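Inspection log for the structure reproduced underneath, given as structure tokens.
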Amino acid sequence: MLKGLGGLGDMAKIMKQAQEMQGKMAEAQAKLEEITVEGEAGAGMVKVTVTAKGDVKGINIDPSLFVADDKEVVEDLIVAAIKDGQARAAETAQAEMGKVTEGLNLPEGMKLPF
């Protein structure tokens with residue numbers, strides 16, 4: 001196509017690959033909003049549902065925790081469950097984005113999107 005223009009043919013190929021990757025990244029980002037993970041604390045007595053983007057969608061608390069004297073414990077368990085859910089969401093998001101960048105030979109530790 002651009003034969004005879006030296007390195008411009010390679011540049012056109014790189015630009016095309018970049019556009020394809022941009023489309024795949026957009027698809028992956030949209031998918032992260034649909035994927036949910038569950039975080040938990042207190043041996044499963046407090047559970048949260050979190051999207052792979054880290055948005056908390058729901059909380060489920062075992063009724064046995066509803067004792068007035070244990071209010072602070074329940075609050076701590078909720079925070080712990082949310083943190084667990086967000087950590088799992090981050091792992092899931094990283095794995096999904098890794099599928100997009102697979103084979104690009106990016107430097108180790110480089111995270112996308114930038």
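Every heavy atom of this structure was used, including side-chain atoms; hydrogens, water molecules and symmetry mates were not. None of these values were measured; they are calculated from a predicted model.
- Hydrophobic clustering (ILVMFWY, side-chain heavy atoms < 4.5 Å, transitive): Ile82 and Leu32 are in distinct clusters.
- Grouping the Ile, Leu, Val, Met, Phe, Trp and Tyr side chains by contacts below 4.5 angstrom, directly or via other members, places Val50 apart from Met97.
- Under a hydrophobic clustering in which Ile, Leu, Val, Met, Phe, Trp and Tyr are joined whenever their side-chain heavy atoms come within less than 4.5 Å, directly or via other members, Val48 and Ile35 fall into different clusters.
- One finds no salt bridge joining Glu27 and Lys31 here, because no Lys/Arg side-chain nitrogen approaches an Asp/Glu carboxylate oxygen to under 4.0 Å.
- Interatomic distance, CG of Leu77 versus NZ of Lys47, reported as 13.0 Å (0.5 Å rounding).
- Cluster membership for Val79 and Val56, using ILVMFWY side-chain heavy atoms within less than 4.5 angstrom, is not shared.
- Checking side-chain atoms of Asp70 against main-chain N and O of Leu65 turns up no donor-acceptor pair under 3.5 Å.
- For Lys24, the side-chain hydrogen bond (donor to acceptor under 3.5 Å, both in side chains) test picks out no residue, with sequence neighbours left out.
- Taking Gln22 as the reference, nothing meets the side chain to side chain contact (heavy atoms under 4.5 Å, CB included) condition, with sequence neighbours excluded.
- Salt-bridge check for Lys99 with Glu96: passed, with a basic side-chain N closer than 4.0 Å to an acidic carboxylate O.
- The shortest non-hydrogen separation linking Ala80 to Ala41 is CB-CB, 3.7 Å.
- Gln94 contributes atom CD, which lies 10.5 Å from atom OG1 of Thr92 (distance to the nearest 0.5 angstrom).
- The environment of CD in Glu72 is sparse: at most 12 heavy-atom neighbours from other residues, nucleotides or ligands sit within 6.0 Å.
- Proximity of Glu40 to Val46: side-chain heavy atoms (C-beta onward) are nowhere separated by under 4.5 Å.
- Atom CD in Glu20 sits 14.5 Å away from atom CE in Met25 (nearest 0.5 Å).
- Between Glu38 and Arg88 the shortest heavy-atom distance is O-NH1, 3.2 Å.
- With sequence neighbours excluded, the residues satisfying side chain to side chain contact (heavy atoms under 4.5 Å, CB included) with Asp62 are Met45, Ser64.
- The line from CG of Asn60 to CD1 of Ile78 is 10.5 Å long, rounded to the nearest 0.5 Å.
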